[in-house]
Structures are given as C-alpha cells and as structure tokens.
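Whatever order the structure lists them in is the order used to number ligands and atoms, beginning at 1. Quick note: residue numbers are just sequence positions, from 1.
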Amino acid sequence: MDKKTEPGNVQDVDAVIIGAGFAGLGMLWRLREQLGMSAQVFETGDGVGGTWYWNRYPGARCDSESYIYCLTFSPELLQEWNWSGKYPEQPEILSYINHIADRFDLRRNIKFNTRVTTARFIEDTNRWEVETDQGDRVTAQYLITGIGCISAGNIPAIKGLETFEGESYHTGAWPHNEVDFTGKRVAVIGTGSSGIQSIPVIAKQAESLTVFQRTPQYTIPARHETVDRKFLDEQVKPNYEEILEKARWSKAGFPVEFSERLALEATAEERQEAYEAGWAKGGHGFLWGSFKDIGVDRRANDTAAEFIRAKIREIVKDPVTVEKLLPTDHPLGSKRALIDTNYFETYNRENVELVDIRHSPIQEITPDGIRTEDEDFEFDMIVFATGFDAMTGSFFKMDIRGRDNLSLKDKWAEGPKTYLGLQVAGFPNMFMITGPGSPSVLANMTVAIEQHQDWITDFIEHMRTHDIEVAEADADAESAWVSHVNKIAESTMFMLADSWYLGANIPGKPRVFMPYVGGLGTYREKCNEVADNDYEGFVLNAGVRQLAT
Ligand code: N01
C-alpha cells in the first residue's frame with residue numbers, strides 16, 4: 001500500500017471543498033471565518049482561479065461588467081479593487097482571484113495539483129471519505145463541490161484526431177505559455193462564446209484563419225472600453241450594497257431594469273429605434289433593455305433576430321460569407337447569448353475564411369489538417385472551441401457514491417436530478433455550488449455563486465446549532481423540483497435550439513434542460529422560503545449521535 005494511503009494517514013476535517021475557483025474560495029472563507037470550521041480544498045490546477053485558471057485563450061474575457069463580477073464578502077475589497085476594463089479580461093480576473101487567495105490567507109487550506117478521484121458517503125459514520133490522485137484520504141462531515149458548470153472540456157471524437165501533426169489546443173485547457181500564431185495557418189472549430197472571443201484576436205496574428213462553423217450565431221457588439229472611473233467612483237462605490245442587492249434579487253444577477261415594452265405592440269419604427277439603441281450601447285442590454293416579449297414570443301423574437309441578420313448583411317462584405325453567417329435555425333437567446341468585439345467584422349479580413357460544416361461536415365482530421373465532405377485544408381494549428389460537457393461532466397470525472405453505494409453517474413443516467421440544484425437525494429451532506437437545477441449558468445455567475453455559498457453556510461450553521469448531523473434532500477422534494485425545472489423550461493424558447501443547456505452538444509447525453517430558468521431572484525426567494533420553513537424538503541436528523549442516545 002502507498003504510504004500516503006495507509007489508514008494512519010487519514011485526515012479528518014469538517015468539510016472537503018472541491019475546486020479553488022470563485023465557488024471554492026468563497027466557500028472556504030465562509031466556513032473558516034464565519035463558522036470556525038476546518039476545511040480542506042482540493043484543486044486540480046497548480047493555482048487558484050478555476051474557469052479563469054484554465055480558460056487562457058486569446059481574447060478570453062468575462063461578459064458581465066467588471067464592477068458586478070466580484071466576490072462581495074469583504075466590503076473593504078469591494079471599495080479597494082479597481083478594474084481596468086468594462087468587461088474584465090482573463091489575466092485581470094485571475095489576478096483578482098489570486099489577490100483574494102492571498103489577502104484572506106486561503107492557500108493554506110488548499111492542496112493544488114490534486115484531483116479528487118472518489119468520494120464515498122460512509123453510512124456507519126455519516127461522513128464522506130474522499131480520495132485523491134495524490135494518495136490523500138480525508139474524511140469530512142460535508143462534501144461541497146465548487147467544480148464549475150462549464151469545466152469538463154469537450155473535444156469531439158472526430159476520426160483521425162490523434163493523427164494531426166501540428167499543434168492543437170482546447171480553449172478551456174489553454175497552455176500557460178504564450179501560443180504564437182505568427183505565420184501559422186490556424187483552424188478554429190466552434191463559434192460559441194470562446195470561439196467568437198478568440199477568432200478576432202487570432203485572425204490579427206495568424207497568417208490565415210479558417211473558422212469551422214456548425215451553427216451560425218446571433219451576437220451583439222460588447223462595446224468594450226476601459227473602465228469608466230467616474231461611474232465607478234461616483235455611482236458604484238458609494239452605492240455598492242444597494243447595487244448588489246438589486247443584482248441579487250434580479251432575474252439574471254445584474255442591477256438592471258428589464259424593459260416592460262412589448263415588441264409586438266410597438267410600430268416597426270419604434271422597434272427599429274429600440275434595437276438600434278441596444279446595438280449602439282452594446283452588451284446583453286440589447287435583450288433585456290428592448291422588449292420583454294423577445295424571450296417568450298417567437299414573433300417578437302423574429303423582429304429582433306431579423307434586426308441582427310440585417311446588421312450581419314450590413315457588416316460582412318462577401319455575400320457568400322453573409323449567407324453562411326445568418327442564424328435562421330433557432331430563436332435569438334435560445335442558445336447562450338453572445339457579445340463580441342469585431343466578430344462579424346473579422347470575416348472581412350483577407351486572411352479569414354468561413355467553412356460551413358453544417359452543409360459540408362468534417363469527415364476527418366488528417367496529419368496535415370482537416371478534411372470536410374468537399375475539401376482538404378492544411379493547418380499548422382487547430383483550436384478546438386468546441387465547448388464543454390456542461391453541468392454534469394465535471395461531476396462524472398469523479399466517482400461520487402452516496403447511500404447504498406449508488407454512484408452519482410447512475411443516479412443521473414437519465415439527466416441530473418437535484419433538489420434546488422443544491423443537493424441530491426441519497427447523497428447526504430453533499431452540497432453543490434451552481435449545480436444542475438440551479439439558475440447559475442443563466443445568471444451573472446459570481447452573484448449566483450454567492451447566493452449558494454451564503455445559503456449553504458446558513459444551512460450548516462443551522463445544523464450545528466440544532467445538533468443536526470445529517471441533512472439530505474427528500475426524494476419527493478427532489479422529484480418535484482426536477483419537474484418544476486423541466487416544466488418552466490418547456491414554456492421557453494430555450495427548447496428550440498440544440499444547446500449545451502440541453503446536453504445537445506454531447507452525443508448520447510440525455511436531452512434534458514439542466515438549469516433553472518425561473519430567474520435568480522425567484523430562485524433566491526424559493527431557497528429562503530425553504531430555509532424559513534425549517535429546511536422543508538430536507539430530511540434532517542441527528543445521525544449516529546441520535547442512535548447512540
Ligand atoms: O462552447 P459552446 P464555448 N463539430 O458549447 C461547436 C461560457 N463562456 O466554450 O452550436 C463541430 O458554447 C458548437 O456548435 P453548435 C458560456 O456560458 C463564457 O464557446 O453546437 N462543431 C459551438 O459552435 C458559454 O456558453 C464566456 O452547433 C462543434 C462550439 O463548438 C460556455 O462557456 C466565454 C462540435 C461550442 O460552443 C461554453 O462556451 C467563454 C462538433 N462535433 C465561455 N461540437 C464569457 O463570459 C461542438 N461544436 C464571455
């Protein structure tokens with residue numbers, strides 16, 4: 001037996017936290033500083049940051065405005081941190097996260113370069129037993145996952161993948177050294193958020209760039225700029241708590257007003273004016289600031305979609321490329337909403353070509369490049385911007401087992417089942433931050449993450465003060481939540497696109513809408529109601545201590 005795995009080396013802590021991104025770090029701070037608990041964080045990377053540690057591709061940037069993309073547990077930090085860009089870039093977000101880790105002395109409870117391989121709930125002791133690829137064995141009362149929803153990279157199993165002799169990268173596992181595109185013939189496969197951010201940047205450096213697009217996208221100019229210091233100093237910082245509170249109770253975690261106007265009640269001129277204003281201002285406000293029926297009525301949606309198609313026709317010069325770029329097969333906003341910097345403009349560059357693989361699919365990757373049904377292409381580099389096995393993929397990289405040795409993978413074989421996206425029946429004392437069934441991926445992530453962190457912290461505090469050893473989602477409450485999540489999704493346009501929200505990007509994955517679409521504020525209200533009603537829907541018991549008395 002490996003020395004590290006000898007029984008004598010088992011470490012006991014109150015909580016094991018998996019992941020050292022925003023989710024894991026904020027959770028660690030709360031458990032340690034607010035509840036005085038012991039916690040061990042395991043992190044696969046050699047540094048903190050999670051998503052922002054791994055996604056270092058060119059152009060990587062958050063599309064939440066920087067002043068609202070932050071952790072808020074320290075009012076001093078909120079006041080002192082100064083972002084440089086309206087939308088923060090990956091290096092700046094990573095330095096912000098590193099600053100948090102240093103400032104709050106979080107690293108001492110984090111073990112880096114360590115992947116959790118198994119986590120088993122031991123019914124005799126009511127504790128989780130966690131093992132890692134470094135031979136650690138730790139037992140904990142609580143297991144808390146902060147593993148991200150969009151973390152398990154997906155490189156499609158294209159024939160000949162391993163034969164390519166050039167360099168290849170996935171946007172979500174970008175190397176730490178600089179990748180130099182100078183003089184290179186580069187392919188990018190995929191036009192989701194990562195593709196549309198990296199394509200304009202790579203195009204500027206590469207000798208040639210060929211984009212392989214399966215689904216044309218709607219995207220709105222971000223209108224990125226340097227941060228407006230006056231706005232920050234005069235409007236944001238003195239009013240931070242109020243702004244945050246507004247974001248916390250909003251639909252999507254932003255302190256903004258949603259338009260109450262209906263596109264179908266407006267005249268064609270009024271609609272044009274509203275869409276032009278949204279386009280000129282840029283960002284996600286195009287959607288929420290124009291008309292509220294865009295998200296629920298296909299005819300209203302068509303008016304906005306047509307406006308964007310007209311913009312594409314206006315911006316892109318080559319008519320053949322325009323036709324390939326026009327999104328017509330899904331409503332606006334039914335896939336992840338996108339904002340960009342010079343995306344469509346990039347197709348006017350002489351060194352950029354667009355290949356429509358919906359009509360001429362990739363047949364194989366060859367040692368020299370990519371072969372589609374119609375053509376052979378030669379490349380020095382292939383960038384896979386092909387997304388993630390979202391929401392469940394990172395759970396399935398570990399062997400998580402609850403009561404009766406049931407594996408999470410088996411439990412979720414037909415799609416994820418959770419209560420509030422926070423717990424799974426049969427997996428006691430395991431809490432998920434931004435799990436499936438929660439609204440996180442449809443909201444500003446840091447606001448969503450902190451709602452979970454606060455709620456879990458309050459729940460654990462409640463358990464400690466009421467001498468409760470075990471909390472477990474009730475199976476009926478879980479079924480009711482899953483039905484509710486599905487039911488409200490069915491009435492939305494999200495069901496009309498093949499998206500990762502539905503698992504449609506992963507062959508064989510059950511087609512189930514995974515996030516809660518009812519809005520972050522409504523969800524917060526529901527979670528608070530559950531807590532106020534003595535954690536309704538959870539079975540609480542004193543566990544072994546109760547049996548012993
Ligand atoms: O991944 P995606 P992403 N053959 O799944 C294509 C967050 N994020 O990394 O649309 C050919 O969106 C696929 O085609 P299709 C954000 O939540 C945020 O870009 O499935 N093509 C699509 O074009 C985002 O939604 C930020 O037909 C294949 C692309 O690859 C999420 O992460 C920045 C293929 C994948 O797009 C994921 O974004 C970056 C195949 N077999 C990411 N399989 C910001 O905050 C897939 N594709 C700004």
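- Considering all non-hydrogen atoms of both residues, Ala448 and Ser440 come closest at CB-CA, 3.7 Å.
- Among protein heavy atoms, the minimum distance from atom 6 (C) of ligand 1 is reached at Gly190 CA, 3.7 Å.
- Nearest to atom 29 (C) of ligand 1 by heavy atom, out of Ser198, Gly387, Gly59, Ala385, is Ala385.
- Those atoms of ligand 1 with a heavy atom of Phe388 less than 4.0 angstrom away are 9 (O), 37 (C).
- For the residue pair Ser208 / Glu353, no side-chain donor-acceptor distance below 3.5 Å is found, with atom types taken as modelled.
- Between Tyr516 and His484, the gap from one ring centroid to the other is short of 6.0 Å.
- Aromatic ring centroids of Trp52 and Phe22 lie 6.0 Å or more apart.
- At the shortest separation from atom 36 (O) of ligand 1 among protein heavy atoms lies Gly192 CA, 3.5 Å.
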task = Apply the test side-chain contact (heavy atoms from CB on, under 4.5 Å) to residues Phe384 and Thr171: give CA-CA distance (whole Å), side-chain angles for both, the deciding distance (0.1 Å), then the verdict.
result = CA-CA 6 Å; Phe384 290 91; Thr171 50; over 6 Å; no

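- The nearest heavy-atom contact from the protein to atom 47 (N) of ligand 1 is Arg214 NH2, 3.9 Å.
- Of the heavy atoms in Ser193, both backbone and side-chain atoms come closer than 4.0 Å to ligand 1.
- Close N/O approach between Asn154 and ligand 1 is not found [any backbone or side-chain N/O within under 3.5 Å].
- Of all atoms in ligand 1, numbered sequentially from 1 with element shown, those under 4.0 Å from a heavy atom of Tyr57 are 33 (C), 39 (C).
- For atom 17 (O) of ligand 1, the nearest protein heavy atom (residue, atom name, distance) is Arg336 NE, 3.1 Å.
- Here the two rings, on Phe291 and Tyr275, have centers that are under 6.0 Å apart.
- With a 6.0 Å cutoff to the six-membered ring centre and a 45° limit on the axis angle, Arg524 counts as a cation-pi contact of Trp249.
- Close approach of ligand 1 to Ile150 (heavy-atom distance below 4.0 Å) involves ligand atoms 7 (C), 17 (O), 31 (C), 32 (O), 37 (C).
- Taking the six-membered ring wherever Trp is involved, the centroid distance between the rings of Trp83 and Tyr69 does not fall below 6.0 Å.
- Among all non-hydrogen protein atoms, the one lying nearest atom 9 (O) of ligand 1 is Ser194 OG, 2.6 Å.
- Looking only at protein heavy atoms, the nearest one to atom 10 (O) of ligand 1 is Lys335 NZ, 2.8 Å.
- Taking a cutoff of 4.0 Å between a charged side-chain nitrogen and a carboxylate oxygen, Glu314 and Lys311 qualify as a salt bridge.
- For atom 15 (P) of ligand 1, the choice among Ile339, Thr215, Asp329, Val441 with the nearest heavy atom turns out to be Thr215.
- Near Arg61, the atoms of ligand 1 lying under 4.0 angstrom from a non-hydrogen atom of the residue are 44 (C), 45 (O), 48 (C).
- Between atom 21 (N) of ligand 1 and the options Ile158, Asp63, Ile189, the minimum heavy-atom separation is to Ile189.
- Given atom 25 (O) of ligand 1, the protein heavy atom at minimum distance is Trp500 NE1, 2.9 Å.
- Close approach of ligand 1 to Thr191 is summarised as follows: ligand atoms under 4.0 Å from at least one heavy atom of the residue are 22 (C), 23 (O), 29 (C).
- In this structure, Tyr96 has its ring center under 6.0 Å from that of Trp81.
- In this structure, Arg309 fails the cation-pi test against Phe307, since its NZ or CZ atom is not both closer than 6.0 Å to the six-membered ring centre and inside 45 degrees of the ring normal.
- Numbered from 1 in the order shown, with element, the atoms of ligand 1 that lie under 4.0 Å from a heavy atom of Ile357 read 11 (C).
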